[in-house]
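These notes are about the structure you will find just below.
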Amino acid sequence: MELSAKNIELVNLGYIKAQQFAKSHYENFPVVSILVKKELRKHIAIVYWFARTADDFADEGNVPADIKLENLNAFEEKLNDILKGKLSDEFDWALYNTINEKKLSIINFYNLLKAFKQDTIKNRYKNFDEILDYCSNSANPVGRIILEIYGIRNDEAFRYSDSICTALQLTNFYQDVSIDIDMNRLYIPIDELEAFNIKDNIASIKENEDKFKEIIKSNVERAKYYFYSGKPLLNYLTGMLKYEIKWTIYGGMEVLKKIEGNDYNVLYERTTLSKKNFVFLLIKSFFKNESVKRNSKEK
């Protein structure tokens, strides 16, 4: 579709609003930071708008699950329309432009929606494999989209990115236990609770707080493993993107460190990072060298 002057104006307005939207939301990692190439910030912002908007539908307060699912289905139809060039507002125009200009893989957007829909109907996970399956849709597509925006289309890079994104998602799970538990939702595998003789209900978890802390401890260590496993991604990155990803990894690791420092007390308070933390981690990303050797079995 060739853009008219009026349509270009709508595209630009969508990008402006998307960047304002990104700045107004808290995340454990920099969304549209100063490290992102200026010409790419608008593309990152509109993808963030898409993902966060869908996530907000899935987490919309006391709205019944069937209504949440209905809203997400409507949002998926909106995506279908966008891909067909049927655009209704400035956000549509900006997303349409980004998908086409950057030749983004559409499957990643549909996988995100799949995860958000799952949030409306599934609030327990039998084992860690089910958790990983969820992460493959809820988090990993975002990393792949970012790499594509930067023109990186390499299968190994995608796999390392998946590891980092999974680690970020796991970190968010442990960070948000106090919030999720009030929504009768838990991303700790049932078989791990049962190993500590904890029943799959909120009362039993709170009655066995010390045992639950042990479970969180082991999960925190596992999240660290995924961060470390993903660090070879840095070999595929250049310029400021490399520092951006390091900054993102450090942000997630810092949250895990704070959870450790708080004796894994995630039942009653949510760990967050301060502006001071973000600044320190930004400086660290420039001055700390990382060992990013690949596995000896990999080429």
Side-chain angles (χ1 to χ4, degrees), residues 22 27-37 39-41 43-45 47-48 51 98 102-105 107-109 111-112 115 128 131-175 219-257 273 277-278 280-299:
E27 298 291 349
N28 290 329
F29 51 89
V31 177
V32 187
S33 77
I34 57 173
L35 300 184
V36 176
K37 287 184 178 180
E39 65 269 24
L40 298 182
R41 291 175 191 172
H43 299 300
I44 302 292
V47 169
Y48 177 78
T98 288
K102 293 300 176 180
K103 298 179 174 59
L104 302 182
S105 300
I107 186 63
N108 289 318
F109 291 88
N111 284 344
L112 284 170
F128 190 64
I131 295 286
L132 287 179
D133 181 69
Y134 174 81
C135 292
S136 71
N137 293 313
S138 69
N140 300 359
V142 175
R144 290 178 175 237
I145 291 171
I146 298 301
L147 291 180
E148 287 187 346
I149 287 175
Y150 273 85
I152 299 171
R153 287 174 167 81
N154 178 287
D155 288 341
E156 277 191 2
F158 284 151
R159 287 195 292 271
Y160 289 130
S161 173
D162 288 347
S163 187
I164 292 171
C165 291
T166 290
L168 289 167
Q169 180 69 86
L170 295 174
T171 299
N172 186 249
F173 288 157
Y174 314 140
Q175 178 185 29
N219 276 274
V220 164
E221 291 303 313
R222 188 160 50 194
K224 288 181 185 178
Y225 165 79
Y226 279 94
F227 275 124
Y228 291 132
S229 297
K231 282 186 178 181
L233 173 63
L234 299 175
N235 290 317
Y236 295 87
L237 310 180
T238 59
M240 289 300 173
L241 178 60
K242 189 169 188 174
Y243 297 113
E244 173 83 12
I245 299 305
K246 285 175 69 175
W247 191 14
T248 300
I249 293 171
Y250 290 154
M253 292 290 287
E254 183 67 17
V255 172
L256 296 178
K257 181 179 178 181
L273 299 181
N277 292 146
F278 279 119
F280 172 77
L281 296 173
L282 173 60
I283 296 171
K284 181 180 177 181
S285 70
F286 277 96
F287 290 99
K288 182 177 179 180
N289 292 323
E290 289 289 348
S291 176
V292 291
K293 294 181 180 179
R294 302 181 195 178
N295 188 293
S296 59
K297 295 182 181 180
E298 296 174 343
K299 295 181 180 180

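Residues Cys135 and Pro141 come closest through the heavy atom pair O-CD, 4.4 Å. What you find for Gln169 and Tyr134 is that their closest heavy atoms are OE1-CE2, 4.1 Å. Contact record, Ser138 with Leu112: O-CD2, 3.5 Å, taken as the closest heavy-atom pair. Closest non-hydrogen pair, Leu40 versus Lys102, comes out as CD2-NZ, 3.6 Å. Looking at every heavy atom in both residues, Leu168 comes nearest to Gly252 through CD2-CA, 4.2 Å. Of all heavy-atom pairs spanning Ala167 and Ala223, the tightest one is CB-O, 3.6 Å.
Between His43 atom NE2 and Tyr150 atom OH the span is 10.5 Å, to the nearest 0.5 Å. To the nearest 0.5 Å, atoms CD (Glu244) and NZ (Lys246) are separated by 12.5 Å. Between the CZ atom in Arg222 and the CZ atom in Phe227 there is a gap of 14.0 Å [rounded to 0.5 Å]. A distance of 7.5 Å separates CG of Leu170 from CG of Asn219, quoted to the nearest 0.5 Å. The distance from atom CG of Asn140 to atom CG of Asn108, rounded to the nearest 0.5 Å, is 9.5 Å. Between atom CD1 of residue Ile245 and atom CD1 of residue Ile146 there is a gap of 7.5 Å, rounded to the nearest 0.5 Å.
Taking the side chain as every heavy atom from C-beta outward, Tyr228 and Met253 approach each other to under 4.5 Å. Looking at heavy atoms from C-beta onward, Ile149 lies in side-chain contact with Leu104 at the 4.5 angstrom threshold.
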field: Verdict with supporting geometry, Trp247 and Met240, side chain to side chain contact (heavy atoms under 4.5 Å, CB included)
entry: CA-CA 10 Å; Trp247 191 14; Met240 289 300 173; over 6 Å; no
- request: Assess whether side chain to side chain contact (heavy atoms under 4.5 Å, CB included) is satisfied between Leu237 and Leu234, documenting all intermediate values.
  value: CA-CA 5 Å; Leu237 310 180; Leu234 299 175; 4.1 Å; yes
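Partners of Ala157 by side chain to side chain contact (heavy atoms under 4.5 Å, CB included), not counting sequence neighbours, listed by chain and number: Leu147, Ile152, Asn154, Leu233, Tyr236. With sequence neighbours left out, Phe109 forms a ring pair (Phe, Tyr, Trp, His ring centres under 6.0 Å) with Phe50.
For the residue pair Ser136 / Asn111, no side-chain donor-acceptor distance below 3.5 Å is found, with atom types taken as modelled.
Put simply, the side chain of Glu148 gets close to the backbone of Ser105: a donor and an acceptor are under 3.5 Å apart.
Residue pairs meeting the salt bridge (Lys or Arg N to Asp or Glu O under 4.0 Å) criterion with at least one member in residues 160-172, sequence neighbours excluded: Arg144-Asp162.
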